[in-house]
Amino acid sequence: MLEIKEVDKSFGGVKAVCDCSLRVEEGSITGLIGPNGAGKTTLFNVITGYYKPDTGSILFEGEGIDGLPPHQIFRKRIYRTFQITREFAQMTVLENVMLMPENQIGEKIWNIWFRPASVRRQEKTIQEKALEVLEFVELIDLKDEYAGSLSGGQKKLLELARSMMAEPRMVLLDEPGAGVNLTLMKKLMANIRKLCEEKKITFFLIEHDMDLVMNLCNPVIVMSEGKMLAEGTPEEIKNDERVLEAYLGGQYR
Ligand SMILES: Nc1ncnc2c1ncn2[C@@H]1O[C@H](COP(=O)(O)OP(=O)(O)OP(=O)(O)O)[C@@H](O)[C@H]1O
Ligand SMILES: [Mg+2]
C-alpha cells in the first residue's frame with residue numbers, strides 16, 4: 001500500500017533519514033521502532049508531506065506522492081497524529097473532534113446563507129459521529145472541557161479520535177501510547193485492532209512501548225541511523241542481534 005524507496009532527508013549536516021526503503025502492506029498494523037533520533041518522526045513527516053524528501057520516492061497504492069503538500073496527502077485519506085500533540089487548546093474536546101472532516105458544507109459561506117437546512121443537518125451528523133468517537137476513546141465525559149486542559153495521555157487519545165473522524169485508509173501514529181496509562185493503553189490497542197479489522201484501516205505506528213509493539217504490530221520494522229535495519233515478526237525482531245546492538249549502541253556511545 002505504501003512503498004518508500006531510497007529516501008534521504010537531511011537537516012543541514014544531520015542525515016535524519018538516509019537511504020531508507022520499506023513497505024507497509026495493506027491491512028497490516030506495521031510497527032516502526034528504533035532508538036531516539038533514528039529518524040522515525042522525520043520519515044512520517046516526509047510521508048505526510050510536511051517535509052520534501054531530498055531524494056527517493058514514496059508510492060501510495062502505486063502512485064507517487066512525494067513532494068505533495070500535506071492537505072493533498074490528507075485527501076488520499078492518509079492521516080497522521082503527532083508525537084507532540086496539536087490540539088486547539090481554546091476549543092472544547094468535542095469541537096476539536098468535529099473540526100476534522102474536510103469539505104463540510106457549512107464552511108462555504110454561501111451555504112450558510114442559501115442552504116441553512118443542509119448545513120444544520122450535516123453539522124448534526126458530524127456531531128453525532130464525534131460523540132460516538134469520543135465514546136469510543138472514553139473521552140466523552142470531558143467533551144465540554146477545553147482541549148488545552150487535558151493531560152498528556154488524554155491529548156493522545158484526542159488525536160486518535162480526530163484521526164477516526166476523517167475516515168482514513170491509512171493512519172500513521174507517532175507514539176500513540178506515550179503518557180497513556182495501562183488500562184487505556186489496552187483499550188487503545190483493542191481499538192486499533194478493531195479499526196484495522198472492521199474498517200479496513202491500515203496502521204503504521206511508531207512506538208517505544210515494546211509491549212504495545214510486540215502485541216499489536218506485525219510486521220515490526222526497525223530503524224537505526226536513518227535507515228531500515230530489520231523487518232520481521234515481533235518474535236524475529238526480539239531475537240535479532242542487530243536490533244539489540246542498535247539500541248545499546250545508540251544509548252551508550
Ligand atoms: N526540523 C529539524 N531540524 C533539524 N534537525 C532535525 C529536525 N527534525 C529532526 N531532526 C534531527 O533528525 C534526527 C532524527 O530525528 P527524529 O525526530 O526523526 O527521530 P525519532 O526517531 O523520531 O526519535 P524519537 O524516538 O526520539 O522521537 C535527529 O538527529 C534530529 O535532531
Ligand atoms: Mg519521534
Side-chain angles (χ1 to χ4, degrees), residues 1-9 16-34 38-83 86 99-104 129 133 159-176 188-189 191-207 213 216-223 226-234 236-237:
M1 190 176 211
L2 180 72
E3 188 172 4
I4 291 152
K5 284 186 183 168
E6 297 165 4
V7 163
D8 277 359
K9 176 69 198 169
V17 175
C18 174
D19 194 22
C20 183
S21 297
L22 56 88
R23 289 158 161 273
V24 177
E25 299 298 332
E26 181 159 14
S28 70
I29 303 175
T30 301
L32 183 60
I33 65 170
K40 304 179 297 296
T41 297
T42 304
L43 183 66
F44 271 25
N45 284 330
V46 170
I47 296 169
T48 50
Y50 287 82
Y51 299 141
K52 260 195 169 98
D54 300 333
T55 56
S57 56
I58 300 167
L59 303 175
F60 183 66
E61 300 187 313
E63 183 193 350
I65 58 163
D66 45 273
L68 294 181
H71 68 274
Q72 282 188 26
I73 308 261
F74 185 90
R75 288 230 177 91
K76 308 221 173 274
R77 295 164 63 199
I78 302 174
Y79 189 60
R80 56 95 49 96
T81 65
F82 292 89
Q83 183 167 4
R86 295 192 170 186
L99 265 183
M100 268 325 277
E102 60 166 12
N103 301 326
Q104 289 183 26
K129 172 135 198 221
V133 163
E159 290 247 309
L160 183 74
R162 294 180 65 197
S163 78
M164 286 162 61
M165 285 297 283
E167 304 202 341
R169 304 217 41 226
M170 177 178 264
V171 177
L172 284 72
L173 301 171
D174 199 344
E175 300 191 22
L188 181 75
M189 285 163 64
N191 286 347
I192 291 173
R193 211 173 275 131
K194 196 165 140 191
L195 287 167
C196 177
E197 282 163 15
E198 288 174 16
K199 304 242 158 143
K200 310 285 173 231
I201 300 173
T202 302
F203 284 89
F204 189 23
L205 67 94
I206 299 173
E207 186 53 66
V213 173
L216 186 65
C217 302
N218 192 11
V220 177
I221 294 173
V222 187
M223 235 178 127
K227 41 169 93 45
M228 186 176 98
L229 178 73
E231 179 182 357
T233 64
E236 286 165 350
I237 293 301

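All values derive from a computational prediction rather than experimental measurement. Atoms considered below: every heavy atom in the structure, side chains included; atoms not considered: hydrogens, waters and symmetry mates.
For M228, the side-chain contact (heavy atoms from CB on, under 4.5 Å) partners at least two apart in sequence or on another chain are L22, I221, E231. Residues passing the side-chain contact (heavy atoms from CB on, under 4.5 Å) test with P69 are H71, Q72, sequence neighbours excluded.
Shown here for V17 and V7, the closest heavy-atom pair between the two residues is CG1-O, 3.4 Å. A pairwise comparison of heavy atoms in M189 and L216 identifies O-CD1, 3.6 Å as the closest pair. For the pair Y50 and R86, the tightest heavy-atom approach, listed with the atom from each and the gap, is CE2-NH1, 4.1 Å. Closest heavy-atom contact between Y79 and S163: CD2-CB, 3.0 Å. The two residues G34 and K40 have their closest heavy-atom pair at O-NZ, 3.0 Å. Closest approach of E6 to S21, counting heavy atoms only: N-OG, 2.8 Å.
A donor-acceptor pair under 3.5 Å links the side-chain atoms of D66 to the main chain of I58, judged by distance alone. Judged by distance alone, the side chain of K200 and the main-chain N or O of E197 form a donor-acceptor pair under 3.5 Å.
Between E26 and R169, at least one side-chain nitrogen of the basic residue sits less than 4.0 Å from a carboxylate oxygen of the acidic one, meeting the salt-bridge criterion.
With F60 as the aromatic partner, K76 does not meet the cation-pi criteria of under 6.0 angstrom to the ring centre and within 45 degrees of the ring axis.
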(request) Just do the side-chain contact (heavy atoms from CB on, under 4.5 Å) check on M1 and V24 with the steps written out, would you? (result) CA-CA 6 Å; M1 190 176 211; V24 177; 5.6 Å; no
(request) Would you check, one step at a time, whether the test side-chain contact (heavy atoms from CB on, under 4.5 Å) holds for N218 with S28? (result) CA-CA 7 Å; N218 192 11; S28 70; over 6 Å; no
(request) Could you go through the side-chain contact (heavy atoms from CB on, under 4.5 Å) check for L173 and I192 one step at a time? (result) CA-CA 10 Å; L173 301 171; I192 291 173; 3.7 Å; yes
(message) Before you tell me yes or no, could you show the steps for L172 and I78 under side-chain contact (heavy atoms from CB on, under 4.5 Å), namely the whole-Å CA-CA distance, both residues' side-chain angles and the distance that decides it to 0.1 Å?
(response) CA-CA 8 Å; L172 284 72; I78 302 174; 3.6 Å; yes
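Within 6.0 Å of atom NZ in K129, more than 12 heavy atoms from other residues, nucleotides or ligands are found, so the atom counts as buried in its surroundings.
Here CG of L43 is found 9.0 Å from OG1 of T48. Values are rounded to the nearest 0.5 Å. Between I29 atom CD1 and I201 atom CD1 the span is 10.5 Å, to the nearest 0.5 Å. L59 CG to R23 CZ: the interatomic distance, rounded to the nearest 0.5 Å, is 9.0 Å. Rounding to the nearest 0.5 Å places CZ of F74 at 14.5 Å from CG of L68.
A side chain to side chain contact (heavy atoms under 4.5 Å, CB included) with N45 holds for exactly one of K9, K52, R80; it is R80.
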